[in-house]
Enquirer: 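Can you read through this structure? Questions will come right after.
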Amino acid sequence: MGDLLGEGSYGKSFFGFGQSAEIDIILDGAATRRTAEVKTEDGKKERLFLFFDGESLSGKVNITLKRPGYKLEHQGIKIEFLGQIELYYDRGNQHEFTSLVKELARPGELHHNTSYDFDFNQVEKPYEVYTGTNVKLRYFLRVTVVRRLTDLVKEIDLAVHTLSSYPEMNSSIKMEVGIEDSLHIEFEYNKSKYHLKDVIVGKIYFLLVRIKIRHMEIAIIRRETTGSGPNVFNENETIAKYEIMDGSPVRGESIPIRVFLAGYDLTPTMRDINKKFSVRYYLNLVLVDEEERRYFKQQEITLWRKGDRIRKSLQMAPVPVTTPTNGESDQVQAFEKIPTPFE
């Protein structure tokens, strides 16, 4: 778990940055603003100030000259609010979906420490921050002191969460699956859309059992999809796995399911984000027979973030939760057999 960086400690150091001046970005209300943990590319976590869609960003930019009597010549000073998607296999291209610029100073000279106020009013932040296997979505403030040779640059990353309203439709998932003349079961989950602190409740009912099942497990799978057309990359990650049955069931037996989502590293479902990537979640039901053959059935679920309270300062309405169209029918579905051990 990372610690919250102190004011003026955020950002990256660039060549020449420490030789002439130091830049600090101080956010208004930083002492009372909520923070959120955000995963970094190396798998660690850092705490960032938390914002929501439609919220304003304001504060001060402090430029401190490091040597008394030194004058800092510049070609202008600006601050930017940026929303950016970076695909790891295409690191040379950052895709900006939000870009706002405020000019802080015209070209000139700084002879003493200087502060500039900034204000980005009711900023649109349509997506949630995300760091995945092949993609990263980030929001950040960047201050640039433009110079002839090397610009002075300071960045601070910000966390953004997207809040959703309660779904109007949230039907249960009910499906019959089986292996012809060998196994026929019915499974049911209490709903198809879950908030990130929710509990998945369900049951599995055995209608026909003619093979010897050794155990059964259920897993939450996150599938990250990046790219498009022939250059699509899918990465599956097992977030949690539970053994829900040990031993062979008999006809008429019912197995309860209860999975607590709180405490896991989950994000809301993200579909076709800026036409760059998607993040979807699945419940994966796996049966293992006595000959170590494995059979599985996946069912997509929708995850959404419920706010502790929707703040009055937010101008934009929470996003409604939508239902995926997965083409499932009411007919009995077949189990898929997988020859390799479940990951």
Side-chain angles (χ1 to χ4, degrees), residues 164-179 183-209 213-225 234 236-271 278-289 294-306 319-338 342-343:
S164 298
S165 56
Y166 278 95
E168 293 182 6
M169 301 269 307
N170 198 0
S171 57
S172 62
I173 299 172
K174 189 173 184 179
M175 188 183 303
E176 293 183 6
V177 296
I179 305 165
L183 179 69
H184 190 183
I185 70 174
E186 178 182 276
F187 69 80
E188 182 176 4
Y189 304 116
N190 61 330
K191 47 192 176 181
S192 56
K193 304 166 189 172
Y194 298 89
H195 62 76
L196 299 184
K197 306 295 183 185
D198 218 334
V199 181
I200 298 173
V201 178
K203 66 176 182 177
I204 298 170
Y205 187 68
F206 290 86
L207 302 171
L208 175 66
V209 185
I213 298 173
R214 198 175 73 182
H215 71 268
M216 181 187 299
E217 59 195 28
I218 189 170
I220 302 172
I221 306 294
R222 174 163 52 218
R223 179 172 300 158
E224 176 188 292
T225 303
N234 287 310
N236 290 340
E237 179 184 358
T238 301
I239 304 299
K241 183 164 65 174
Y242 299 89
E243 184 175 282
I244 57 176
M245 186 192 71
D246 185 17
S248 186
V250 296
R251 180 180 177 180
E253 189 170 354
S254 179
I255 306 295
I257 298 173
R258 187 174 291 268
V259 179
F260 294 85
L261 299 180
Y264 291 110
D265 183 20
L266 299 170
T267 69
T269 295
M270 308 169 82
R271 294 192 180 91
S278 298
V279 180
R280 291 180 163 87
Y281 291 88
Y282 297 83
L283 293 177
N284 197 39
L285 184 65
V286 180
L287 280 73
V288 183
D289 66 17
R294 292 171 175 257
Y295 308 89
F296 77 94
K297 188 64 183 178
Q298 284 192 353
Q299 175 64 47
E300 184 176 0
I301 58 173
T302 299
L303 298 185
W304 56 283
R305 184 181 299 281
K306 180 177 71 171
V319 179
V321 180
T322 57
T323 303
T325 54
N326 53 19
E328 298 287 3
S329 68
D330 293 333
Q331 299 177 351
V332 176
Q333 304 288 315
F335 268 109
E336 298 178 61
K337 184 178 177 182
I338 45 179
F342 178 83
E343 295 295 329

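The first residue in the sequence is number 1, and the count goes up from there.
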Enquirer: When you compare the side chain of Leu183 with that of Leu287, does any pair of heavy atoms fall below 4.5 Å?
Expert: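 The answer is yes; the side chains approach within 4.5 Å.
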Enquirer: Tell me the closest heavy-atom pair linking Met216 and Ile204, and the distance in Å.
Expert: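 Taking every non-hydrogen atom into account, SD-CD1, 3.3 Å.
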Enquirer: Given side chains that start at C-beta, do those of Tyr205 and Lys203 come closer than 4.5 Å, heavy atoms only?
Expert: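 Not touching, per the 4.5 Å side-chain cut-off.
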Enquirer: How far apart are the C-alpha atoms of Ile221 and Thr238, what are their side-chain angles, what is the distance that settles it, and do they pass the side-chain contact (heavy atoms from CB on, under 4.5 Å) test?
Expert: CA-CA 5 Å; Ile221 306 294; Thr238 301; 3.5 Å; yes
Enquirer: Quick one: are Asp289 and Tyr295 in side-chain contact, heavy atoms under 4.5 Å?
Expert: yes
Enquirer: Would you check if Pro268 and Leu196 make a side-chain contact, meaning some heavy-atom pair closer than 4.5 Å?
Expert: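 Heavy-atom side-chain distance check passes, below 4.5 Å.
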Enquirer: Looking at every non-hydrogen atom in both residues, tell me the closest pair between Ser172 and Glu188 and how far apart they are.
Expert: OG-OE2, 4.0 Å
Enquirer: Could you go through the side-chain contact (heavy atoms from CB on, under 4.5 Å) check for Leu303 and Leu261 one step at a time?
Expert: CA-CA 10 Å; Leu303 298 185; Leu261 299 180; 4.0 Å; yes
Enquirer: If the condition is side chain to side chain donor-acceptor pair (under 3.5 Å), which residues does Glu237 pass it with, not counting sequence neighbours?
Expert: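 For Glu237 the side chain to side chain donor-acceptor pair (under 3.5 Å) partners, ignoring immediate neighbours, are Arg222.
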Enquirer: Work out which heavy atom in Phe296 is nearest to a heavy atom in Asn284; give both atom names and the distance.
Expert: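 Closest approach of Phe296 to Asn284, heavy atoms only: CD1-OD1, 3.3 Å.
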Enquirer: Rounded at 0.5 Å granularity, tell me how far CD1 in Ile220 sits from CD1 in Ile301.
Expert: 6.0 Å
Enquirer: Within the side chain of Lys193, is there an N or O that forms a donor-acceptor pair under 3.5 Å with the backbone of Met169?
Expert: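 Yes.
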Enquirer: With side-chain contact (heavy atoms from CB on, under 4.5 Å) as the test, would you mind laying out the steps for Lys191 and Asp198 before giving the verdict?
Expert: CA-CA 11 Å; Lys191 47 192 176 181; Asp198 218 334; 3.0 Å; yes
Enquirer: Asn190 side chain to Val201 main-chain N or O, any donor-acceptor pair under 3.5 Å?
Expert: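 Confirmed, Asn190 side chain pairs with Val201 backbone.
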Enquirer: Give, for atom NZ of Lys297 and atom CD of Gln299, the distance between the pair rounded to the nearest 0.5 Å.
Expert: 8.0 Å
Enquirer: Roughly how far apart are Glu176 CD and Phe187 CZ, rounded to 0.5 Å?
Expert: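 Nearest 0.5 Å value for the CD-CZ distance: 10.5 Å.
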Enquirer: Over all heavy atoms of both residues, which pair between Ser164 and Trp304 is shortest? Give the atoms and the distance, please.
Expert: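 Closest heavy-atom pair between Ser164 and Trp304: O-CZ3, 3.5 Å.
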Enquirer: Determine which pairs satisfy side-chain hydrogen bond (donor to acceptor under 3.5 Å, both in side chains) with at least one residue from residues 242-252, sequence neighbours left out, and list them in order.
Expert: Tyr242-Tyr264
Enquirer: Going through the distances and angles, do Arg280 and Glu300 end up as a side-chain contact (heavy atoms from CB on, under 4.5 Å)?
Expert: CA-CA 7 Å; Arg280 291 180 163 87; Glu300 184 176 0; 3.3 Å; yes
Enquirer: Determine whether Ile185 and Val177 make a side-chain contact, defined as any pair of heavy atoms from C-beta on separated by less than 4.5 Å.
Expert: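 They are in side-chain contact.
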Enquirer: Would you say Val250 and Val209 make side-chain contact, with heavy atoms under 4.5 Å?
Expert: no
Enquirer: Kindly indicate whether the side chain of Ile218, heavy atoms from C-beta on, has any atom under 4.5 Å from the side chain of Ile200.
Expert: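 No, side chains not in contact.
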Enquirer: Closer than 3.5 angstrom, by distance alone: can the side chain of Tyr281 be matched with the main-chain N or O of Thr267 as a donor-acceptor pair?
Expert: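 Here the side-chain-to-backbone pair exists.
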Enquirer: If you round to the nearest 0.5 Å, how far is CG of Leu266 from NE2 of His195?
Expert: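 Result: 12.0 Å between the selected atoms.
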Enquirer: With distance as the sole test, does Thr225 use its side chain to make a donor-acceptor pair with the main-chain N or O of Asn234 at under 3.5 Å?
Expert: no
Enquirer: Measure the shortest side-chain to side-chain distance between Ile213 and Met245 over non-hydrogen atoms and say whether it is less than 4.5 angstrom.
Expert: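 In contact.
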Enquirer: Ignoring hydrogens, what is the shortest heavy-atom contact between Phe206 and Pro249? Give both atom names and the distance.
Expert: CE2-CG, 3.4 Å
